[in-house]
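Please read the structure below before turning to the comments.
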Amino acid sequence: MKPLFLSTTTTTRPFSSSSLTVPFSRVVDTSSASSWSSAIADLSRSGHHSEALLAFLSLRRLSSQPSPTPSSLLPALSSAASLPSLPFGRQLHLLSLRLGYSPADPFISSSLINLYSKTQHPADAHAAFLESPVRNAVLYTALVSGLVRNANPLKALAVFKQLISNLGTSEIDPAAIVSAISACARVSGANVVGGVHGLLVKLGMEAETVVGNTLVDAYAKSGEVGNGRKVFDEMPERDEVSWNSMVAVYAQGGKPVEAVEVYMEMVGRESRRSTAVALSAVMHACAKGGAVQVGRCVHNQVIRMALEDNVYVGTSVVDMYCKCGRVDAAWKAFGRMKERNIKTWSAMVAGYGMHGRGREALDVFKQMIEAGVRPNYITFISVLDACSHSGLLEDGRRWFKAMKQDYDIDPGVEHYGCMVDLLGRAGCLDESYGLIKEMRLEPDSMIWGSLLAACRVHKNIELGEISARQALKLDPKNCGFYVSLSNIYADFGRWKDVERMRVLIKTRGIMKPPGYSLVELKGKSHMFMVGDRRHPQHEEIYGYLDKLRVRMQELGYVPDTGSVLHDVEQEEKETILRVHSEKLAVAFAIMSTVPGSPILVIKNLRVCGDCHTAIKMIAKLEGREIVVRDSHRFHHFKDGVCSCGDYW
DNA sequence: GTAGGGTTAG
């Protein structure tokens, strides 16, 4: 009966970036079952899941104990679920079946539901639920959250309703309500979150911090940021997660100013600790809103707190600079990082890619492979996207083939989308069409849209009609498809068809989502919509644009009214073009900054053809580098040309 | 057996 000294020193946890010292060492009496199981439970509870599993295995091997009991099996199973590790979990499942603990023991059953949900085996999770002779609230809750995790929120809500009808509302506790709220957050429809909110108020759970946290996120996910903020403001107590969620909500909504405000309130008035999570979230907000000045301040804070080496924070810094048009600053930050994971590398590849610097993107990608990091599904999207933005036809073909052959990754719609775009751009329309036809997956509307756009550039009316028909079948409300087809007809002088498209757009009530452009000035974001006159300096902006237009016309500028949808006269179309949001933003930025300094404009939609031509000229006339981020990529306008090579 | 199920971020 030799006691075993079980000590775990420095070890690296799988799926975690930092190596850490496990604060665990104790004497385990291997002859005592309770000492054995409490050691495993301690490890599992403190989050040292691989160590818990190792302890379970090694102690089983060393021990004279006949067979494990639920008190050691259970924490091991819960660690297997947390990692998550399907092989370990299955082994433990089989063991508990053999020993008769499963399916009889509801504690084991709930852990099994959790395990199979986390390893994306929802059918097995459901089976574990059905096999259990006991159906208590914990089992229901495990199933509800598991279904949410596996992208089935509707079924999750149905299971939650079963809970209520079978067990009554008295069985509902905060954990149950939290999983129900997170299901609601992912179901579209009016007031879904509000329904469960009402229920939990009736049950007197609104003061629970976790419940409030989940509600904040749920309202935000359903587009009701205001309601989320209200819940946040009324919470009696807020923890770290509450604050981080509120920052994240604004980040996801692309509101860097509000995100920073909440962050400042957290570290200022509330004098809470700033954390890596909070800083990544704020950085994410800056990336989304193109707020490079604020982003730089946040970056300074990251440096001050010595958090640059944190791989998550470092990656969000890289991503922020890329998305704010400063890909060289991103590269510098990338170079300083001591540790890089797959997301870090992919962010850098994507960063170069969206700036049209495909060669550099591929170089980084090759360095990544040399560094021994295995590319995944996402990485290949970045790689192929980079090829398509730079027209690297041969590289694109090569890596598209290699992803399946060398890395055994089946191409998804995103990869096909990049290839269709790349081939189409290069004028290989038949090959592009052929690729769509040989896809095993259902092509989405974006893929057909890419081919449609290529058909316009390379003037192929037959294939254009085919593509448009398919695209519109999948997404009949997307006005871009109507416009592209109409443009093709216009290029061929088929004015009757152009008119037919115009009528179609009108009768089907197709609306273009409102376009807006953002410019950051002294840390403040200025937003412009088409024909916006809300800006205090709008008189000056319009006056300046008028003067610019005269100079542009001297250079041969002719308005391209093709992308104006409205049912109006030619003259009026030109007026609309004149006040497109990106033109207003560019004019405002030039007026407000020192001559010669670069300009960044963030646009929510794709930049229109006329604006693209106009901004090229403005860049030349004003001797400025104008960088525009549209919904698709970056455009660097300089000396009258654009980095996209006029294909976007 | 404070045994199992619950929220945020990258």
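Chain identifiers are assigned alphabetically (A, B, ...) following the order of the sequence lines, protein sequences preceding nucleic acid strands; residue numbering begins at 1 within each chain.
- Look at Gln252(A) and you won't find any side-chain N or O under 4.0 angstrom from OP1 or OP2 of dT8(B).
- For His389(A) and His355(A), the ring centers are positioned 6.0 Å apart or more.
- For the atom pair CD1 (Ile181(A)) and CG (Leu215(A)), the distance works out to 4.0 Å, reported to the nearest 0.5 Å.
- For Ser110(A), counting side-chain heavy atoms from C-beta on, the closest listed nucleotide (dT8(B), dG4(B), dG6(B)) is dG4(B).
- Put simply, Phe107(A) rests on the base of dA3(B): the two rings are less than 5.5 Å apart at their centres and nearly parallel, under 30°.
- Below the 3.5 angstrom threshold, one finds no donor paired with an acceptor across the side chain of Ser111(A) and the base of dG4(B).
- One interatomic measurement links the two molecules: CD of Glu171(A) to P of dG5(B), which rounds to 18 Å at whole-angstrom precision.
- Whole-Å rounding puts the Met235(A) CE to dT7(B) C1' distance at 10 Å.
- Within 4.0 Å (heavy atoms only), Asn244(A) reaches at least one base atom of the nucleic acid.
- Closest approach to the Val138(A) side chain among dA9(B), dG5(B), dG10(B) is made by dG5(B) (side chain taken as heavy atoms from C-beta onward).
- Counting only heavy atoms from C-beta on, Asn114(A) has its side chain closest to dG6(B) among dT2(B), dG6(B), dG10(B).
- Ser245(A) comes within 4.0 angstrom of sugar-phosphate atoms only, judged by non-hydrogen atoms across all strands, and of no base.
- Residue Ala41(A) is classed as having no contact, given no heavy-atom separation below 4.0 Å to the nucleic acid.
- Residue Arg273(A) qualifies as open at atom CZ: its count of foreign heavy atoms under 6.0 Å is 12 or below.
- Side-chain N/O atoms of Asp173(A) and base N/O atoms of dG5(B) include a donor-acceptor pair closer than 3.5 Å.
- For the OP1/OP2 pair of dA3(B) and a distance below 4.0 Å, the side-chain nitrogens and oxygens of Ser71(A) include no atom meeting the criterion.
- A close approach under 4.0 Å does occur between a side-chain nitrogen or oxygen of Arg149(A) and OP1 or OP2 of dG6(B).
- Using a 4.0 Å heavy-atom criterion, one finds that Pro70(A) contacts no nucleic acid atom at all.
- Residue-level contact check: Ala248(A) touches the backbone only, with heavy atoms under 4.0 Å from sugar-phosphate atoms and none from bases.
- The nearest whole Å value for the distance from the CD atom in Glu208(A) to the P atom in dT8(B) is 17 Å.
- If you measure from atom CG of Asp239(A) to atom C1' of dG6(B), you get 13 Å, rounded to the nearest angstrom.
- Within 4.0 Å (heavy atoms only), Ser145(A) reaches sugar-phosphate atoms of the nucleic acid but no base atom.
- Of all nucleotides listed (dT8(B), dG4(B), dG5(B)), dG5(B) comes nearest to the side chain of Ala137(A).
- Listed nucleotides: dG5(B), dA3(B), dG10(B). Nearest to the side chain of Thr141(A): dG5(B).
- One finds no salt bridge joining Lys230(A) and Asp233(A) here, because no Lys/Arg side-chain nitrogen approaches an Asp/Glu carboxylate oxygen to under 4.0 Å.
- Interatomic distance, OG of Ser382(A) versus NZ of Lys343(A), reported as 12.5 Å (0.5 Å rounding).
- Among the protein residues, Arg186(A) comes within range of the sugar-phosphate backbone only, with heavy atoms under 4.0 Å from sugar or phosphate atoms but none that close to a base.
- Rounded to whole Å, the distance from OH on Tyr250(A) to C1' on dA9(B) is 17 Å.
- Scanning for side-chain contact (heavy atoms from CB on, under 4.5 Å) contacts around Met305(A) gives Ser274(A), Leu279(A), Gln301(A), Leu307(A), with sequence neighbours left out.
- In this structure, Leu215(A) places its CG atom 13 Å from C1' of dG6(B), rounding to the nearest Å.
- Taking the charged nitrogens against the carboxylate oxygens, Arg357(A) and Asp328(A) do have a contact shorter than 4.0 Å, which makes a salt bridge.
- Here dG10(B) presents its C1' atom at 16 Å from CG of Asp309(A), a figure rounded to the nearest Å.
- At the phosphate of dT8(B), neither OP1 nor OP2 sits under 4.0 Å from any side-chain N or O atom of Asn213(A).
- Here the P atom of nucleotide dT8(B) and the CZ atom of Arg229(A) are 19 Å apart, to the nearest Å.
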